[in-house]
2 protein chains.
Amino acid sequence: MHGRAQDVSVTVDLAIFTVRDDELQVLLITRGNEPYLGAPALPGGYVRAGETLDEAARRELSEETDRDPRGRVITVSYLALGPNMPDPTAGTDARTAFWVPVETALSWRAKLAFDHAEILGEALEQARSKLEYTTVAAAFCAEPFSIGDLRHVYETVWGVTLDPSNFRRKVTQARLFLESTGERRRAEMGRPAALYRRGPARLLSPPLLRHGDAI
Amino acid sequence: MHGRAQDVSVTVDLAIFTVRDDELQVLLITRGNEPYLGAPALPGGYVRAGETLDEAARRELSEETDRDPRGRVITVSYLALGPNMPDPTAGTDARTAFWVPVETALSWRAKLAFDHAEILGEALEQARSKLEYTTVAAAFCAEPFSIGDLRHVYETVWGVTLDPSNFRRKVTQARLFLESTGERRRAEMGRPAALYRRGPARLLSPPLLRHGDAI
DNA sequence: AGAATAGTGTCTATCAGACAATATATG
DNA sequence: CATATATTGTCTGATAGACACTATTCT
């Protein structure tokens, strides 16, 4: 997948996250080919540019935009979050896929294939950022869900604890984010939580900001 | 490119923006094949999933995440902004590429191939959003640039006018966004503007929010 | 009652938006 | 001087974060 020559092709590495066991975890595979045979790696595919892209856009823009790496912003991200992502099921080649806590994966650094440690770090930051200004977090709570469920997603992905009352105020005031079902859920302990379903908004306005942001 | 069967492949449509003539413009091509022969369209390529992606990730996750379209968040965006993007140069097949104001392209709606009107609309919103929480805008000002240059990018992409003093306060207080060069630029009229270069930050903290956000 | 979680109310430092005022250039 | 743009300063309403308090369940 890497190092394919001749035709215009670029690899796509996927950071697939889930929330399991109160931890943020990422899906890795064990490489079955050289290079990095046996090393843990992000799952990936490759993109081969079609004729239209290559002829009409890429060549014309390359000189202008390649000077500064930020001049061309190509974002290929696969972000999946969920409270109960399935174990990689038994099946041909799925045997090499496994979930691992993000912290653990990042601690491996040099063991990860290619530059996947860096990619993972950036994907993590992107996922954390997406929670601020989009409604994805709600998409990964099974409906109906409580505000506490939603808060738990934020806390796990961001790695912080949030003030329940301030969190409630923000998410309930955000337009078209949550729709009340009028129902409640009885838990083992404590007052039953009001239940919600996702509203139509995809972007959070106003956004839900973390306190200190990174670069 | 669309409708390719058999192997797992999905199209990628590219929204490439530039700021020219004080307008936000987008790169389109004229289709040379059926379907939609002769219709304006976004340039595009196709992604074919590699074995690793297909075997290790896609199948395992599909049942879980395909129920809700937001369960799988695939973002493939190609965002290019610049004050002076070149005209599509003469060359084989580049003859069909052209810049057009975004407003014009959106007004065509039904004329655009496939669902490209929708895709363009979403890409526009994504680009506008990226200006809020990333530093891309600065990446598309030729260095060195003035705060007025930067403000002009925001105003053109967002389609609003911004208060110069409040804008200045925000961008100069954002950490690692701008670095002063100590130099000034003499313009035709008015006080010379202090010049800056891009700082190392990729994410804007705190973000620069528009007043009213969309869905 | 005690523990646990959900939800409401309030206070305050901070900040975004509005806008007045000043600075420095050209003609 | 008039005009245009850059830059600084100030005022005020809105709000994020901190935190006290109330509500409703289970044991």
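Just so we're on the same page: letters track the sequence lines, and every chain starts at 1.
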Other residues, nucleotides, ligands: >12 heavy atoms within 6.0 Å of A:R186 CZ: no

Please give, in whole Å, the distance from [N] [atom2] to [X] [atom1]?
X	N	atom1	atom2	answer
A:R191	D:dA23	CZ	P	9 Å
B:L209	D:dA16	CG	P	10 Å
A:L162	D:dA16	CG	C1'	13 Å
A:R185	D:dT24	CZ	P	19 Å
B:L195	D:dA6	CG	C1'	12 Å
B:D149	D:dA6	CG	C1'	12 Å
B:F167	C:dC19	CZ	C1'	18 Å
A:E188	C:dA4	CD	C1'	11 Å

Pair B:R202-B:T135, side-chain donor/acceptor within less than 3.5 Å: no

Donor-acceptor pair present, B:N166 side chain and C:dA18 base, under 3.5 Å: yes

Donor-acceptor pair present, B:R169 side chain and C:dG17 base, under 3.5 Å: yes

Distance test, side-chain N/O of B:R151 to OP1/OP2 of D:dA6, below 4.0 Å: yes

Set of ring-ring contact (aromatic ring centres under 6.0 Å, His included) partners for A:F167, sequence neighbours left out: A:Y154

DNA chain D: 5'-proximal contact among A:D163 and A:M189 (nearest heavy atom): A:D163

Earlier contact from the 5' end, DNA chain D, for B:G190 and B:Y196: B:G190

Minimum-distance nucleotide (side-chain atoms of A:P192 versus C:dA6, D:dT5, D:dT25): D:dT25

Pairs satisfying salt bridge (charged side-chain N to carboxylate O under 4.0 Å, His left out), at least one member in residues 145-164 of chain A, at least two apart: A:D149-A:R185, A:R151-A:E155

